[in-house]
Each structure stands twice: as C-alpha cells, then as structure tokens.
Amino acid sequence: MSAVIPALSDFVDLQHVTSEQFWGLLRLARELKEERNRLGQNAPILAGKSLALLFQKPSLRTRVSFEMGMVQLGGYAFYLSPQEVGLGQRESIADVARVLSGYCDGIMARVFDHNHIVQLAQWATVPVINGLSDFSHPCQALADIFTIWERLGKLEGLTLAFVGDGSNNVAASLIMAAGKVGMNVRIISPKGYAPDPKVVAESNADVMVTEDLDGVAGVDVLYTDVWTSMGQESEREERLRVFPPYQVNRDLVARTGNNDVLVMHCLPAHRGEEITDAVADGPNSVLFPQAHNRLHAQKALLAHLLGNIPLK
Ligand code: CP
Ligand code: NVA
C-alpha cells in the first residue's frame with residue numbers, strides 16, 4: 001500500500017509544496033480532466049462550497065478558470081474587485097481574511113505585494129490560493145507542468161528554457177515547479193533580469209542562468225512571458241530597449257535544434273514583443289491548450305483544498 005500524501009492547507013507558494021504533493025495534484029488534474037472528457041461533466045464534489053476571487057490586478061485566465069472550475073465541480077465562485085475590497089487600504093488584510101473565512105470555503109487572491117497573500121493565508125481559516133503576486137504564480141506553473149506532462153508523456157530529465165524576464169513571478173514559479181518533477185531549467189535573460197538567487201537556491205532543479213541565447217540549444221520546452229509585468233509599467237520604455245534580442249521568433253525556435261520543441265507562454269502575450277505571431281500561432285505552440293489547462297490544474301487544487309479529495 002502506498003503511503004498517504006499529507007494534505008495541503010493552502011497553495012501560496014511552491015516552496016511549501018512537496019514533490020509528492022505536486023505529483024498528487026498533477027494526477028488529480030489528469031483524473032478530473034479525463035472524467036470531464038469522458039462523461040461531459042465532473043461529479044459535484046464541491047456542492048454547497050464557495051470561493052472568493054479577490055483581485056488587485058486584471059485577469060482573464062485566472063478569473064474565468066477558477067470561476068468555471070468551481071461551477072464544473074458543483075460549487076460557486078464570486079468576484080471581488082480591487083475597488084470594492086481595498087485590500088489593506090479600506091480594511092486590513094487580517095480583517096478581510098477573517099470576514100471572508102466566515103462566508104466562504106476558500107479564497108483565491110491576486111495581489112501586488114506577495115506579503116499580502118502570505119498575510120491572507122495567516123489570518124484566514126479557509127484555504128488561500130495565490131492567483132499571482134509580484135513574486136510568484138504557482139497556479140500557472142502547476143498548469144504548465146501538467147501541459148508538458150500531457151504533451152511529452154514524462155517530466156524527469158526534460159529541460160525548459162525560459163527566455164525573457166527571468167526575475168519575474170512566472171519564472172520564479174517555473175524554477176520551483178521544475179525542481180518538484182526532476183526537470184532542468186535554463187533562464188536566459190538580459191543583464192539585470194536574472195532570477196533571485198534565493199529562488200534558484202531553494203529549487204531542487206538544476207538551474208542554469210545565462211545571458212547567452214545559445215542556451216536554448218537542445219531544450220524540450222521554450223517558454224516566454226511579457227517583458228513588463230503588471231505593476232512595472234513605469235519601466236516599460238527601458239525594458240523595450242533591453243529585451244528585443246530575447247524575442248522568441250522563428251530564428252530562436254530553430255536555434256533549439258529540436259523540431260518538436262514545445263513553445264509556451266502564460267499569456268497575455270504582447271505579440272511582436274516577446275513572441276512573434278509566427279511562433280505563437282506556429283506548429284510548436286501549445287499556448288491555448290496551456291491556457292485551457294489552467295482550468296484542469298486548478299480544479300485539482302479546488303477538489304483537494306475545498307473538497308478534501310486526497311492526493312494519491
Ligand atoms: N496567465 C494568467 O494568469 O492570465 P491572466 O492574467 O489573464 O489571469
Ligand atoms: N509576468 C506576468 C504574468 C501575467 C499572467 C505579470 O505579472 O504581469
């Protein structure tokens with residue numbers, strides 16, 4: 001008999017998720033996706049449960065995939081705009097967390113300051129899920145790894161190159177996630193945009209950090225994200241000057257030497273900046289299946305955190 005995998009109480013950062021828990025979530029995502037594909041629906045395991053969706057920044061994928069994920073599992077989700085809640089301004093984070101905990105069964109939040117999600121989790125008595133902070137985007141990384149697993153049939157030993165702003169939230173979570181599943185990472189960024197060395201040190205992945213685009217040679221996955229993340233708009237002009245050599249275009253895809261390389265992007269994309277149309281819509285792109293997998297990966301999180309479905 002295999003040992004029981006300890007349950008998660010929140011999903012704030014991958015630093016606090018073990019490799020076996022991460023694998024458990026991937027397997028549950030696969031199971032829920034297969035169930036829906038086979039039967040056209042999932043069992044209503046979250047009937048009567050509700051999730052607050054607290055946003056301090058814009059969103060398409062995160063908002064809709066969490067909302068639909070709850071609906072598909074028989075539960076209910078409601079959106080709270082920055083104007084309504086004024087997290088930490090109209091009301092303290094501790095008070096928001098304690099009030100929401102009495103109304104609903106989980107809180108998903110997208111914040112600027114990562115410390116705000118940490119505080120929410122400290123004060124809430126229901127599970128808290130990080131829907132992106134300035135530091136990390138663990139739901140994205142879970143869905144991304146799920147997509148790679150689905151497409152390539154394995155994870156151990158694969159190499160992912162992240163080209164662009166290696167200091168951003170998506171890169172940080174990919175570095176952490178790769179370490180859970182035995183993948184190698186190459187972060188290829190202009191000078192000044194390398195990942196936080198603490199993130200690299202905390203990951204179990206073999207991480208190479210370089211400014212050299214030759215680092216894409218032989219990789220299995222070529223990943224990029226916007227050059228200017230939400231909240232960094234004042235740096236946009238400077239970033240537009242620095243990042244163009246790091247565009248994911250046909251030439252860079254060819255430099256991987258891998259005809260089957262998976263091209264990924266968390267979206268939204270600034271087409272013509274970090275990725276060209278030819279690549280985003282080309283034969284190697286999995287951008288839309290990747291976006292769609294946010295739904296399935298997060299349903300696993302919801303089933304586990306709100307529905308007490310065990311990880312196996
Ligand atoms: N990838 C992602 O999180 O997209 P949104 O910002 O639209 O939620
Ligand atoms: N790095 C991007 C990701 C958006 C999903 C941002 O933070 O804006």
So if I apply the side-chain hydrogen bond (donor to acceptor under 3.5 Å, both in side chains) rule between Ser65 and each of Arg294, Gln298, His292, His296, which one comes out positive? Gln298
What are the two closest non-hydrogen atoms of [X] and [Y], and how far apart are they?
X      : Y      : value
Glu211 : Tyr246 : O-OH, 2.6 Å
Val261 : Val253 : CG1-CG1, 3.9 Å
Ala141 : Ala177 : CB-CB, 3.8 Å
Ser285 : Ala280 : OG-O, 2.7 Å
Ser133 : His114 : OG-ND1, 2.7 Å
Ala297 : Ala143 : CB-CA, 3.7 Å

I'd like to know whether CZ of Arg250 has more than 12 heavy-atom contacts from other residues, nucleotides or ligands below 6.0 angstrom. no
Got more than 12 heavy atoms from elsewhere within 6.0 Å of CZ, Arg271? yes
Does the side chain of [Y] come within less than 4.5 Å of [X]'s, by heavy atoms?
X      : Y      : answer
Gln140 : Ser173 : no
Gln72  : Leu295 : yes
Ile5   : Arg27  : yes
Gln290 : Asn293 : no
Asn115 : Ile93  : no
His137 : Arg110 : yes
Val96  : Val85  : yes
Gln56  : Asp113 : no

Sequence neighbours excluded, the answer for ring pair (Phe, Tyr, Trp, His ring centres under 6.0 Å) partners of Tyr193 is Phe243
Just jot down the ring pair (Phe, Tyr, Trp, His ring centres under 6.0 Å) partners of Trp23, sequence neighbours excluded, or say none. Trp149
Residue pair Leu155, Leu26: steps toward the side chain to side chain contact (heavy atoms under 4.5 Å, CB included) verdict: CA-CA 11 Å; Leu155 292 169; Leu26 293 175; 4.0 Å; yes
Using a strict cut-off of less than 4.0 Å between a Lys/Arg side-chain nitrogen and an Asp/Glu carboxylate oxygen, indicate whether [X] and [Y] qualify as a salt bridge.
X      : Y      : value
Arg236 : Glu273 : yes
Glu67  : Arg63  : yes
Arg239 : Glu235 : yes
Asp260 : Arg151 : no
Arg241 : Glu238 : yes

Among the clusters formed by ILVMFWY side chains lying less than 4.5 Å apart, do [X] and [Y] turn up in the same one?
X      : Y      : value
Ile148 : Leu25  : yes
Val263 : Val226 : no
Met176 : Phe162 : yes
Ile175 : Val221 : yes
Val12  : Leu301 : no

Check which hydrophobic residues are tied to Phe112 through side-chain heavy-atom contacts below 4.5 Å, counting indirect links as well, and list them. none
Only one of [options] passes side chain to side chain contact (heavy atoms under 4.5 Å, CB included) with [X]; say which it is.
X      : options                        : answer
Val209 : Pro195, Ser189, Pro197         : Pro195
Ser101 : Leu120, Val128, Thr125         : Thr125
Asp225 : Asn169, Asp165, Ile275, Leu267 : Asn169

Arg98 side chain vs Ala94 backbone, donor-acceptor pair below 3.5 Å: yes
Please confirm whether the backbone N or O of Gly218 pairs with a side-chain atom of Asn258, one donor and one acceptor, at under 3.5 Å? no
Residues two or more places apart in sequence or in another chain: which of them pass side-chain contact (heavy atoms from CB on, under 4.5 Å) with Ala254? none
So CZ of Phe22 and CD1 of Ile145: to nearest 0.5 Å the spacing works out to 5.0 Å
Point-to-point distance, once rounded to the nearest 0.5 Å, from NZ of Lys299 to CG of Asn42: 4.0 Å
Output every pair passing ring-ring contact (aromatic ring centres under 6.0 Å, His included) with a member in residues 72-110, not counting sequence neighbours, ordered by first then second residue. Phe55-Tyr79
Would you be so kind as to tabulate the donor-acceptor pairs closer than 3.5 Å made by side chains of residues 303-312, with sequence neighbours excluded?
from, atom 1, to, atom 2, distance (Å)
His304, ND1, Ile309, O, 2.8
His304, NE2, Leu8, N, 2.9

Donor + acceptor pair across side chains of Asp13, Ser136 (<3.5 Å): yes
